[in-house]
Amino acid sequence: MLIGAHVDQTDPIAEARARNAPLVQFFLGDPQGYQGPEFAYAGGAEGLRADAEAAGIELYVHAPYIVNVATTNNRIRIPSRKLLQQHVDAAASIGAKGLIVHGGHVNKADDPEKGFDNWRKAIDATDLKLPVLIENTAGGDNAMTRYLERIARVWDAISGCEQADRVGFCLDTCHAHAGGNALETVVDDVVAITGRIDLVHCNDSRDEFDSGADRHANFGAGRIDPDLLAGVVRAAGAPVVCETPGGAAEHQADFAWLRERL
């Protein structure tokens, strides 16, 4: 079981070594900005790719939070599509295993079907040079990937796309719990819809089940039953990224906590 963490983008290789982790996830640039990806690593994209391969460390890139290809708002959707392509290109250039993207949402007055179709259009319009992993989200009644039935509609919409096999799924445990999806069955439920889970974001939650709140906690410090949390990771059988608070010491403690229960 490969277990790593979300780390600072300046030197992901050093961050991985500090945690003795075989994989890391990070942003390329500002997670709240439209200005496009940036390479903070001293060796640039080529250096990061070469150094990661030499160290045997797998890289995952998280797209900016502001990417929302589902929305009907042209002033957000069009820049989001551009930003998605830019980050696909950038992540591919460093040899990343996948680019994680949030499912986005539509406006309150919108028909959700428009959001599902906008996902189809986004996949058709993007040159997927690496797997794009759509992540379930925690809150919002208008979200595309909070509820299982919405996730199913996204998958229905993109299933006919030429690049559908390049679209995977990232299961976030905090988001599933806060979003009202039973962790006892969520792995089977998601696999029945998508056919795959490519990555797990393993996070405890500071809030109650179905709260809609996206607030991560270190393992054992939140509201998710420890056995359920470990059970999701075990059942998914996918690489794990811990997006829990703290630095290397806290992450190593979370890794040890999780491994004891797997």
Side-chain angles (χ1 to χ4, degrees), residues 2-69 76-104 122-123 125-135 163 166-170 172 198-203 216 238-252 255:
L2 299 179
I3 302 175
H6 185 92
V7 301
D8 183 79
Q9 61 193 303
T10 304
D11 191 344
I13 307 302
E15 299 286 358
R17 286 174 171 152
R19 292 160 175 79
N20 194 27
L23 65 89
V24 285
Q25 173 188 281
F26 47 92
F27 295 110
L28 287 175
D30 181 1
Q32 300 288 0
Y34 283 108
Q35 61 265 44
E38 300 173 354
F39 297 100
Y41 191 66
E46 291 183 6
L48 180 53
R49 180 172 192 150
D51 291 347
E53 288 177 354
I57 296 167
E58 295 186 357
L59 308 178
Y60 288 85
V61 175
H62 200 303
Y65 295 130
I66 58 170
V67 169
N68 182 6
V69 300
I76 297 175
R77 188 182 69 260
I78 294 171
S80 289
R81 281 198 200 170
K82 178 181 178 182
L83 200 57
L84 177 61
Q85 183 68 72
Q86 289 174 332
H87 279 267
V88 164
D89 295 346
S93 76
I94 62 171
K97 299 295 182 181
L99 175 71
I100 298 90
V101 184
H102 284 183
I123 296 302
T126 307
D127 179 11
L128 300 186
K129 300 174 181 176
L130 82 170
V132 166
L133 311 182
I134 301 176
E135 180 180 353
Q163 302 176 99
R166 302 288 277 172
V167 181
F169 195 82
C170 174
D172 188 300
D198 300 78
L199 188 69
V200 173
H201 281 173
C202 190
N203 306 299
H216 298 187
V240 177
V241 170
C242 300
E243 299 176 316
T244 49
E250 290 80 9
H251 288 156
Q252 285 182 315
F255 299 168

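No hydrogens, no waters, no symmetry mates; every other heavy atom, side chains included, goes into these values. Predicted model only: the values in this text are computed from it and were never measured.
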Item checked: Under the side chain to side chain contact (heavy atoms under 4.5 Å, CB included) test, residues paired with Q85 that sit two or more places apart -> V88, D89, T126, D127

Next item on the list: Any pair with a residue in residues 23-54 that passes ring-ring contact (aromatic ring centres under 6.0 Å, His included), sequence neighbours left out, goes on the list, sorted by first then second residue, please.
Entry: H6-F27, F27-H62, F27-Y65

Note to self: Using modelled atom types and a 3.5 Å cut-off, is there a donor and acceptor pairing between side-chain atoms of Q86 and backbone atoms of P37?
What the structure shows: no

Note to self: R81: which residues meet the side chain to side chain contact (heavy atoms under 4.5 Å, CB included) condition with it, sequence neighbours left out?
What the structure shows: V69, R77, K121, A122, A125

Margin query: Looking at every heavy atom in both F255 and A21, which two are closest together, and how far apart are they?
Written below: CE1-CB, 4.1 Å

Margin query: For A55 versus I13, what's the shortest heavy-atom pair and its separation?
Written below: CB-CG2, 4.4 Å

Next item on the list: Determine yes or no for a side-chain-to-main-chain donor-acceptor pair under 3.5 angstrom, with R166 supplying the side chain and K129 the backbone.
Entry: yes

Item checked: Results of side-chain hydrogen bond (donor to acceptor under 3.5 Å, both in side chains) for S80 - residues two or more places apart only -> none

Margin query: According to side chain to side chain contact (heavy atoms under 4.5 Å, CB included), who are the partners of A18, at least two apart in sequence or on a separate chain?
Written below: A248

Item checked: For H216, all residues meeting ring-ring contact (aromatic ring centres under 6.0 Å, His included), sequence neighbours excluded -> H175

Notebook entry, point to check: With sequence neighbours excluded, what pairs up with P64 under the side chain to side chain contact (heavy atoms under 4.5 Å, CB included) test?
Noted result: I66, V67, L83, H87

Check: Got a sec, which residues hit side-chain hydrogen bond (donor to acceptor under 3.5 Å, both in side chains) with E243, two or more places apart in sequence or on another chain?
Finding: Q25, H201, N203

Item checked: Minimum heavy-atom distance between C242 and H251, given as atom pair plus value -> O-NE2, 4.4 Å

Notebook entry, point to check: Can you list the residues that meet the salt bridge (Lys or Arg N to Asp or Glu O under 4.0 Å) rule with E135, with sequence neighbours excluded?
Noted result: none

Notebook entry, point to check: Can you tell me how far the OH atom of Y60 sits from the CG atom of L99, to the nearest 0.5 Å?
Noted result: 12.0 Å

Item checked: Pairs involving residues 42-55, ordered by first then second residue, that meet salt bridge (charged side-chain N to carboxylate O under 4.0 Å, His left out) (sequence neighbours left out) -> R49-E53

Margin query: Test side chain to side chain contact (heavy atoms under 4.5 Å, CB included) on V241 and V200; report intermediate values, then the result.
Written below: CA-CA 6 Å; V241 170; V200 173; over 6 Å; no

Note to self: How close do V240 and C202 get, counting heavy atoms only, and between which atoms?
What the structure shows: CG1-CB, 3.6 Å

Check: Roughly how far, to the nearest 0.5 Å, is the NZ atom of K97 from the CG atom of L133?
Finding: 12.0 Å

Checklist line | Any residue meeting side-chain hydrogen bond (donor to acceptor under 3.5 Å, both in side chains) with N20, in chain and number order, not counting sequence neighbours | finding: none

Item checked: Where A16 and I57 come nearest, the two heavy atoms and their spacing -> CB-CD1, 3.6 Å

Next item on the list: First locate atom CG of L28, then atom CD1 of I94, and finally report the distance between them rounded to the nearest 0.5 Å.
Entry: 5.0 Å

Notebook entry, point to check: Can you list every pair that meets salt bridge (charged side-chain N to carboxylate O under 4.0 Å, His left out) and has a residue in residues 14-43, with sequence neighbours left out?
Noted result: E15-R19

Check: Closest approach of P22 and I3, non-hydrogen atoms and distance?
Finding: CD-O, 3.2 Å

Item checked: Test item: I100 and V61 side chains (from C-beta on) under 4.5 Å apart, heavy atoms -> no

